[in-house]
Amino acid sequence: MASIFDDANYPAYTMSTAAGLLGVQPGFLRSLGDGGLLHPARSDGGHRRYSRHDLAMAERARQVVDTGMNLAAACRIVQLEYEVARLELELAQARAQIAELTA
DNA sequence: ATTCTTACA
DNA sequence: TGTAAGTA
């Protein structure tokens, strides 16, 4: 049985844990939020709580920054990459549905 | 005891 | 950039 702790969207990681796992500074993670790429959940006291999905996005952003992009550009690029991936999936599903209906 | 967040200077 | 005050 699936637990909410298995959900990639469950906000399980504190700032220091997330930064440690990714090998980045806390400030980098925070700036990804300012750049509109991440919207981490908050604890009752206002501390950021990152999900595995947040971590995956942050990791990709780090890669893009490493290629020389500034932070704002990296946030935009990763955001667009994510949207393209989502649209590709949606297109594939739509095509599969068409194939089934026209069979 | 230390880290994290916001606010403000 | 740095400090302060409240959290976790």
Side-chain angles (χ1 to χ4, degrees):
Chain A
M1 43 191 232
S3 155
I4 57 174
F5 295 102
D6 297 328
D7 193 338
N9 282 93
Y10 186 76
Y13 305 93
T14 64
M15 171 60 82
S16 61
T17 302
L21 288 172
L22 271 56
V24 301
Q25 295 303 115
F28 176 74
L29 256 22
R30 223 205 277 194
S31 58
L32 295 184
D34 296 340
L37 180 61
L38 299 181
H39 309 283
R42 297 291 182 139
S43 70
D44 290 344
H47 287 199
R48 291 169 179 78
R49 288 293 140 83
Y50 294 94
S51 65
R52 291 212 320 267
H53 174 258
D54 291 331
L55 265 40
M57 298 288 273
E59 164 62 21
R60 180 65 190 135
R62 194 200 56 169
Q63 291 174 351
V64 173
V65 168
D66 283 347
T67 71
M69 299 296 165
N70 68 33
L71 200 83
C75 286
R76 193 83 179 95
I77 287 169
V78 176
Q79 212 165 27
L80 292 170
E81 285 179 344
Y82 182 72
E83 189 173 351
V84 167
R86 204 203 79 221
L87 291 171
E88 282 176 337
L89 178 62
E90 193 174 323
L91 177 60
Q93 290 172 337
R95 281 177 168 158
Q97 197 168 16
I98 290 171
E100 198 164 321
L101 291 171
T102 53

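In the text below, chain A, chain B and the rest are named by the order of the sequence lines, each starting its count at 1. Everything numeric in this text was worked out from a predicted model, so none of it was measured. Below, all heavy atoms of this structure are taken into account, side chains as well, without hydrogens, waters or symmetry copies.
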Checklist entry - Looking at A/Arg76, A/Arg60, A/Arg86, which hits salt bridge (Lys or Arg N to Asp or Glu O under 4.0 Å) with A/Glu81? => result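 Going through the options one by one, the only one that passes is A/Arg60.
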Item to check | Nearest non-hydrogen partners of A/Ala58 and A/Leu22, listed with the distance | outcome: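 For A/Ala58 versus A/Leu22, the nearest heavy atoms are CB-CD2, 3.4 Å.
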Checklist entry - Does any non-hydrogen side-chain atom of A/Val78 lie less than 4.5 Å from one of A/Leu32? => result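 A side-chain contact is absent here, since even the closest heavy-atom pair is not under 4.5 Å.
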Checklist entry - Can you check whether A/His47 reaches A/Thr14 side chain to side chain, under 4.5 Å on heavy atoms? => result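 Result no, sub-4.5 Å side-chain heavy-atom pair not found.
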Next on the checklist: Is it true that A/Glu59 and A/Gln63 share a donor-acceptor pair across their side chains at a distance under 3.5 Å?
Outcome noted: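 A pair is found: one side chain offers a donor N or O, the other an acceptor, under 3.5 Å apart.
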Checklist entry - What dot-bracket string describes DNA chain B from 5' to 3', counting Watson-Crick and G-U wobble pairs whose defining distances are under 3.5 Å, with [ ] for crossing pairs and | for pairs to another strand? => result .|.||||||
Checklist entry - Got a sec: does the CG of A/Asp44 have more than 12 other heavy atoms crowding it under 6.0 Å? => result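 Open.
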Checklist entry - Along nucleotides 3-9 of chain B, 5' to 3', which nucleotides get a B, which get an S, and which get a -, given that the test is a protein heavy-atom distance under 4.0 Å? => result SBSB---
Checklist entry - Taking only residues at least two apart or on different chains, which pairs with a member in residues 51-103 of chain A satisfy ring-ring contact (aromatic ring centres under 6.0 Å, His included)? => result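 The answer is A/His53-A/Tyr82.
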